[in-house]
Amino acid sequence: MRFLRNYLRFLTAIQLLPALESGEETLVGGQAVLEGVMMRSPHAWAIACRKPSGEVVTMSEPLERPSEKHKWMAWPIVRGVMTLGYAMTLGYRALRFSANVAIEDVMASEETNPVAESHVDAGVSPVASKRSEAESPKPAKSSASREKAASISGWLAAVNVVFSLAFFIFMYKYIPLLAATELKKINPALGGQIIFNLVDGAVRLGLFLLFIWGVSLWKDIRRVYEYHGAEHKTVFAFENGDPLTTSAVQKYQTFHPRCGTSFLMTVMLISIGFYMLVPFTTFWARFASRIVLLPIIAGVSYEIIRFAAKHRGSLFALMTAPGLWLQRITTKPPSDEQAQCAITALDEAMSLEKERGGELVIA
């Protein structure tokens with residue numbers, strides 16, 4: 001049962017991934033994971049996860065910024081798509097690491113003489129492994145248990161990549177379009193280009209809000225939302241130059257303009273306008289156009305979020321307001337222990353960032 005519970009937590013967190021992460025390669029940001037937080041700087045990232053025993057497991061790795069190697073990746077619109085894809089990949093790895101920590105803990109409890117866990121994910125590089133072990137030396141877990149946990153994590157990864165993609169397309173593309181099409185049959189007045197896409201967008205937004213709110217009722221996901229709040233508070237403290245202590249971090253709010261929740265809300269609102277410009281009238285042509293246009297819509301939404309974060313009194317900032325309101329669901333006030341996890345993750349990332357001579361840009 002514990003393994004099934006961990007699997008369901010991981011599965012649900014994958015569906016929430018775009019709402020939990022903040023993708024911006026030149027700024028400090030992060031993401032909530034299972035019982036922990038991932039923090040990233042321009043050239044490094046780190047994860048801190050808390051076990052039931054209270055022990056904090058950490059891992060850190062250097063990062064390469066794609067736009068530093070390929071200048072075209074820094075072009076407006078394009079940079080949004082590339083950064084989002086990069087952030088999603090990194091966020092998935094972070095979730096997988098946190099799931100591995102939980103799975104290895106389950107494996108340890110099943111052994112006759114369990115010892116301290118190995119906290120390195122199957123996808124973590126030897127550089128990261130050596131760094132973590134040097135800073136927090138711990139006895140190794142049995143190789144059999146580690147391999148079993150890693151194989152389960154790999155199996156989860158393969159299943160969830162397919163499931164998550166299918167879930168997204170079905171839930172937020174197929175069902176809203178089908179609902180709008182069926183309503184048009186019932187009432188032909190809903191068949192106009194503008195009203196049809198307004199109905200389609202309303203259904204899409206309703207499904208998204210229902211899912212975000214529904215999973216928040218689950219205690220385990222509510223804890224993820226609390227770690228999400230801890231991540232935001234810590235980033236706020238860093239951006240304002242405050243010391244990274246629990247008391248300093250806890251005084252900030254949990255709502256941040258660069259949050260993935262704000263990004264998703266902006267995507268959904270912007271997409272309504274984009275779809276109104278598509279001349280197709282058949283179901284499958286409309287369905288295909290929604291998938292094809294997704295990268296462009298994501299790129300435009302990224303630019304709006306980026307601008308709004310730097311110009312918080314602008315008209316564009318008003319467009320991100322619904323996302324900030326929605327963060328009342330996707331972020332919750334964290335405990336001091338949860339805030340400390342976020343602080344630890346950021347300290348690890350910043351330490352590695354300084355080693356690499358990185359330069360930070362504060363929004």
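These numbers were taken from a predicted model, which means no experiment stands behind them.
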Derivation of the salt bridge (charged side-chain N to carboxylate O under 4.0 Å, His left out) call for E226 and K219:
CA-CA 10 Å; E226 290 169 358; K219 181 180 177 181; over 6 Å; no
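Interatomic distance, M268 CE to S271 OG, rounded to the nearest 0.5 Å: 7.5 Å. Taken from CD in Q340 to CD in Q250, the straight-line distance is 10.0 Å, to the nearest 0.5 Å. Rounding to the nearest 0.5 angstrom, the gap separating the CD1 atom in I272 from the CD1 atom in I194 is 12.0 Å. We find the CZ-CD1 distance between F168 and I291 to be 9.0 Å, quoted to the nearest 0.5 Å. Between L34 atom CG and D220 atom CG the span is 8.5 Å, to the nearest 0.5 Å.
With respect to R223 and E35, a salt bridge is recorded, a charged nitrogen being found less than 4.0 Å from a carboxylate O. With salt bridges taken as basic N to acidic carboxylate O contacts below 4.0 Å, none links E353 and R40.
Put simply, L277 and I270 are part of two different groups of oily side chains (I, L, V, M, F, W, Y) that touch within less than 4.5 Å, one to the next. Using a 4.5 Å cut-off between side-chain heavy atoms of Ile, Leu, Val, Met, Phe, Trp and Tyr, with links allowed through other members, F280 and V292 fall into different hydrophobic clusters.
Counting heavy atoms from C-beta on, the side chains of I329 and W325 never come closer than 4.5 Å. Counting heavy atoms from C-beta on, the side chains of L207 and P176 come closer than 4.5 Å. The shortest distance between side-chain heavy atoms of Y275 and I297 falls below 4.5 Å. Side-chain contact between K173 and L294 is present, with at least one heavy-atom pair separated by less than 4.5 Å. At least one side-chain heavy atom of F274 sits under 4.5 Å from a side-chain heavy atom of I296. W45 places none of its side-chain heavy atoms less than 4.5 Å from the side chain of M39. Counting heavy atoms from C-beta outward, S216 and I221 have side chains that stay 4.5 Å or more apart. Residues Y225 and I212 form a side-chain contact, since some pair of their non-hydrogen atoms from C-beta on lies under 4.5 Å apart.
In summary, of the residues considered (R50, M38, Q31), a side-chain contact (heavy atoms from CB on, under 4.5 Å) with Y227 occurs for R50 alone.
Between the side chain of D200 and the main chain of L177, a donor-acceptor pair closer than 3.5 Å is present. In this structure, the side chain of S351 does not engage the main chain of E348 through any donor-acceptor pair within 3.5 Å.
H232 and H228 have perpendicular rings, their planes meeting at more than 60° on a 0 to 90° scale where under 30° would count as parallel. Note on ring orientation: taking the six-membered ring where Trp is involved, the planes of W284 and F287 are perpendicular (angle over 60°, cut-offs 30° and 60°). Ring orientation note: the planes of F167 and F211 are tilted relative to one another, at an angle of 30° to 60°.
Residues passing the salt bridge (Lys or Arg N to Asp or Glu O under 4.0 Å) test with D242 are K251, sequence neighbours excluded.
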